[in-house]
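Quick note: numbers below take in every heavy atom, side chains included, and nothing from hydrogens, waters or symmetry partners. Just so you know, ligand 1 is whichever comes first in the structure, and atom 1 is the first atom listed for that ligand.
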Amino acid sequence: MPAPEIVLTERFQSAFASAFGPEYAEADPLIRPSQFADFQCNAAMGLAKRLGKKPRDIAAEILEAVQLEDVAEPLEVAGPGFLNIRLRTEWIASQVAQLADDSRLGIPAGQPRTVVLDYSAPNVAKEMHVGHLRTTVVGDALARTLEKLGHTVIRQNHIGDWGTPFGMLIEHLLEVGEDSPEAALLLTDPNAFYQAARQKFDATEGKAASDADAAGTPGATAADGTQAPAVAADFAARARRRVATLQSGDARSLEIWQRLVEMSKQYFHRIYDMLDVTLTDADLAGESTYNDQLEAVCRDLEEAGIARISDGALCVFPEGFTGRDEQPLPLIIRKSDGGYGYATTDLAAIRHRVRTLGADRIGYVVGTAQELHFQMIFTTAREAGWLPESVEATHVKIGSVLGEDGKILRTRSGSSLRLMALLEEAVAKAQGVIDELRPDLSQQERASIAHDIGIGGVKYADLSTAHDSDYVFDLDRMLALTGNTAPYLQYAVARIRSIGRRAAEQGVDAAGAAPRVDNDAERALALQLLEFGPTLAQVGAAYEPHRLCSYLFATAQAFTAFYEASPILKEADAQVRAGRLALAQLTEQVLVEGLAALGVNAPQQM
Ligand code: ARG
């Protein structure tokens, strides 16, 4: 079921071919929404240049050649040569009737591709901060959207489960004991566990292990003025040794590492469950997954002459990257001490994703700060032949979440900001909203609606902002019933569902009725609904969920205008009533399906 722009594009292209010759059959007719009509064709100016004629003459020739009688009212030429297109209301009605019969709601079935999506990717026993909330939520919406478009999505949760911090984390875990309350922090507030280990490390950094016979170093004074407990002076030294034994494959170290990872995974999945995110254990492909490939990655690059030793480290100098001093910028793939790092892992990962997972497209939903890293990885992978030109690799840059002070949101009132606490606060606030709105519902019903509103509100705030912009975390705005928010859209859906329930009670149903498209408001809503498929396709192609949010917001607004102009149950004419109900129910389907693509649940009532 092609959308209006598609139909118009085809008709104009055959007009170009017949008026100007076959070489014009693929010229872009530049069909755009119009302020003066429904659409306009802006191609005359460009074609005039190519053909060496006046734009208005070209417009007249197009007008002569284009066959749109069934689709549009007679076209008008405006300004220098714009063609204004007003669609025929009957044509819109026939398209919307097809949309109502289409189980895909007009979502185009393009060529299915294999899309690898790298998203969420928090760090084990470290920080799952609001930044990771954003990479999780945006990535998950993209995964759902691409699946609805018919693609095969392979989720890759590239968690940080390897690297030098594990030395101090293991030593800390051994010291506090696995059954201690400190260790339990791994399940509730891993950030705090990490900070404690870090503090011990920093306090003893630079002390020789032989200082250990001193009872302990005086504890550092934390920001809140409390004295940290005394730390054995050899902590940092032990942590360093632990990194080495772990990386050399020591069984005991690996066993403790494994337990740290397990506890972190449990924590991640509690957050994912709370967020209604589709990531499962099967999608975990952390940094450590690639350990046994790092040596080969380095060897292959060195043998191909792409990597060379510089200051003792093995480096790639990918084409086109220079530092401030105009010197080529190195991507270090093996440090001078023989250790591998983040870049090596990502090279192994990209090779695996193309070779083994069969990716046609790879999207990395990761913070903007890592832009240079990914550009260098992509370029190196292309040079190495691991990323053929036919495979598209994209860094979907994620902006920062800011506090009310405009600074990156990390802490609140001095204490560490627990992600779970933040989400619980959102649900509690939403509980207040729904308690006021629907005191008549049962406690249990209200609790489930509060979850949908609270979590939906937080996710939607993330999704409705362009992914590379920063935004201020403001729960009150996220949970407002007005504006471009999840609660506004959820309320719009609940309202249509309530109309449907009342209609059923009155024995009115839309079965068999085509959606009615007659007055201006109905027409505007119908045109809006026809844009669902193309919008979703655009979101999937450009990795831009905020476009879907703007679309859904506009659709809900068009519904409100329609419902004011076209009463449903108060309408006396049975046929009109059924047709309007059908249009309302098609709107409901589009809104629910759109929210589902974003990972936002629409409660039955509100
Ligand atoms: N763990 C990293 C971080 O928290 C993000 C990893 C993103 N994915 C990747 N393939 N590098 O910054």
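- With sequence neighbours excluded, no residue forms a salt bridge (charged side-chain N to carboxylate O under 4.0 Å, His left out) with Glu383.
- With a 4.0 Å cut-off on non-hydrogen atoms, Asp346 touches ligand 1 through its side chain and not its backbone.
- The closest approach between a heavy atom of Gln156 and any atom of ligand 1 is not below 4.0 Å.
- At a heavy-atom cutoff of 4.0 Å, ligand 1 is contacted by the side chain of Asn123 but not by its backbone.
- Inclusion of His373 in the set of residues having an N or O under 3.5 Å from an N or O of ligand 1 is not warranted.
- For CG of Asp311, the number of neighbouring non-hydrogen atoms (other residues, nucleotides, ligands) closer than 6.0 Å is 12 at most.
- Side-chain atoms of Ser550 come within 3.5 Å of backbone N or O of His546 as a donor-acceptor pair.
- Residues Phe378 and Ile350 have side chains in contact (heavy-atom distance under 4.5 Å, counting atoms from C-beta outward).
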Less than 3.5 Å apart, which donor and acceptor atoms pair up between the side chains of residues 317-335 and the rest of the protein, not counting sequence neighbours?
unit_1, atom_1, unit_2, atom_2, d
Asp325, OD1, Gln327, N, 3.1

Stepwise side chain to side chain donor-acceptor pair (under 3.5 Å) test for His451 and Asp276: CA-CA 10 Å; His451 173 87; Asp276 305 318; 3.3 Å; yes
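- Where the criterion is an N or O separation shorter than 3.5 Å, residue side chain and backbone included, His132 meets it with respect to ligand 1.
- Below 4.0 Å from some heavy atom of Tyr364 lie the following atoms of ligand 1, by number and element: 10 (N).
- Taking every non-hydrogen atom of Tyr342 and a distance limit under 4.0 Å, the qualifying atoms of ligand 1 come out as 2 (C), 5 (C), 6 (C), 7 (C), 9 (C), 11 (N).
- On a distance-only criterion, Ala121 and ligand 1 share at least one N/O pair closer than 3.5 Å.
- Among the atoms of Glu287, none of the N or O lies under 3.5 angstrom from an N or O of ligand 1.
- Counting heavy atoms closer than 4.0 Å to ligand 1, residue Tyr119 contributes nothing at all.
- In summary, the aromatic rings of Tyr543 and His467 are positioned with their centroids too far apart to meet the 6.0 Å limit.
- For ligand 1, none of its N or O atoms has an N or O atom of Arg353 under 3.5 Å away.
- Against a heavy-atom cut-off of under 4.0 Å, Gln370 is close to the following atoms of ligand 1: 3 (C), 12 (O).
- A distance-only check finds a donor-acceptor pair linking the side chain of His151 to the backbone of Arg113 [under 3.5 Å].
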